[in-house]
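Reading through the C-alpha cells given below for one structure.
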Amino acid sequence: MALVPCQVLRVAILLSYCSILCNYKAIEMPSHQTYGGSWKFLTFIDLVIQAVFFGICVLTDLSSLLTRGSGNQEQERQLKKLISLRDWMLAVLAFPVGVFVVAVFWIIYAYDREMIYPKLLDNFIPGWLNHGMHTTVLPFILIEMRTSHHAYPSRNSGLAAICTFSVGYILWVCWVHHVTGMWVYPFLEHIGPGARIIFFGSTTILMNFLYLLGEVLNSYIWDTQRTPLSWQGT
C-alpha cells in the first residue's frame, strides 16, 4: 500500500497549483498590465493547464467514490467520460506542455538567464514561486503518471492536437508582437526572422517528441500490451 494515497496526492498538488497561481497573479509586474496580460506567457498557460488537469483528477476520484457500488449505469457512463477527459488532458497537454516548459526554461536559463528570465524579475518573483512555476511541474506530472494508468488517444489524433496547440500559441506570440512591437520572450529580439522560423518549427517538433515520450513512458510504467514505438495510429 502506498504511504500516501494517490487521491490525497492529487488534492495536495491541486492546492499547490492554486496557491502558485494566486501568488503569481497577485504580483504587480509591468508585463501583467500590457497587451495579453499573463496569458501571453506559456508558463502561465501551463500552470492553468496543470491546475485544470489535477482538478479533473480530483473530480474523477470523487465521482468514482460516489458511484462505487451504486449500480447506476448512467453515473458509470459519465464517470468513464470524465476518465477519458482526464487521460486526454494528460496525454495532449499536461505532460508535453509541462515537460516543455521545464526543459526549455532551464536550458535557456543555464545558457543566459537574461534571454528568458532577467534578473530584474527577482525583484518581483521569489525563488520558491519561480521553482513552483518552472520546476515542480515535472515531478508532479511524473507522480501522476506513476500512480495511475492513463489511456492515450490514437497517435494521429494526439499529435494533431498537440500540433494545433503549438501552432496556436506561436500565432498568439506573433500576434502580440504585431500589436505591441515587442516579443514575449527577450531572446526573440536578438535573432533574425529566419532563426525565429527555425526556432518555432523546432519547438513544434519538440512538442510532438514529448507527446511520444509520454506515450512510451506511460506504456513502460504500466507494462501495457501496446507497441508505442510503432508509427501506426492506435
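Atoms considered below: every heavy atom in the structure, side chains included; atoms not considered: hydrogens, waters and symmetry mates.
For Ile198, the side-chain contact (heavy atoms from CB on, under 4.5 Å) test picks out Ser202, with sequence neighbours left out. Taking the side-chain contact (heavy atoms from CB on, under 4.5 Å) definition, one finds that Ile197 meets it with nothing, sequence neighbours left out. Applying the ring pair (Phe, Tyr, Trp, His ring centres under 6.0 Å) rule to Trp183 yields the partners His177; only residues at least two apart in sequence or on another chain are considered. The ring pair (Phe, Tyr, Trp, His ring centres under 6.0 Å) check on Tyr117 picks up Phe105, with sequence neighbours excluded.
In terms of modelled atom types and a separation under 3.5 Å, the side chain of Asn23 and the main chain of Ser19 share a donor-acceptor contact. Side-chain atoms of Arg196 come within 3.5 Å of backbone atoms of Ile191 as a donor-acceptor pair (strictly under, hydrogens ignored). Side chain of Ser219 to main chain of Val216: no donor-acceptor pair is present (N/O by atom type, distance under 3.5 Å, no hydrogens or angles).
Of all the heavy atoms in Arg10 and Cys57, the pair that sits closest is CD-CB, 3.6 Å.
Residue Ile116 is tested with Leu188, Leu121, Ile108 for a side chain to side chain contact (heavy atoms under 4.5 Å, CB included); the sole match is Ile108.
Hydrophobic clustering, defined by side-chain heavy atoms of Ile, Leu, Val, Met, Phe, Trp and Tyr closer than 4.5 Å, groups Leu79 together with Ile83.
Ionic pairing of Arg86 and Asp61 is not present here: no N-O contact between side-chain nitrogen and carboxylate oxygen is shorter than 4.0 angstrom.
Applying the salt bridge (Lys or Arg N to Asp or Glu O under 4.0 Å) definition to pairs two or more places apart or across chains, none involves residues 25-46.
For CH2 of Trp175, the number of neighbouring non-hydrogen atoms (other residues, nucleotides, ligands) closer than 6.0 Å is 12 at most.
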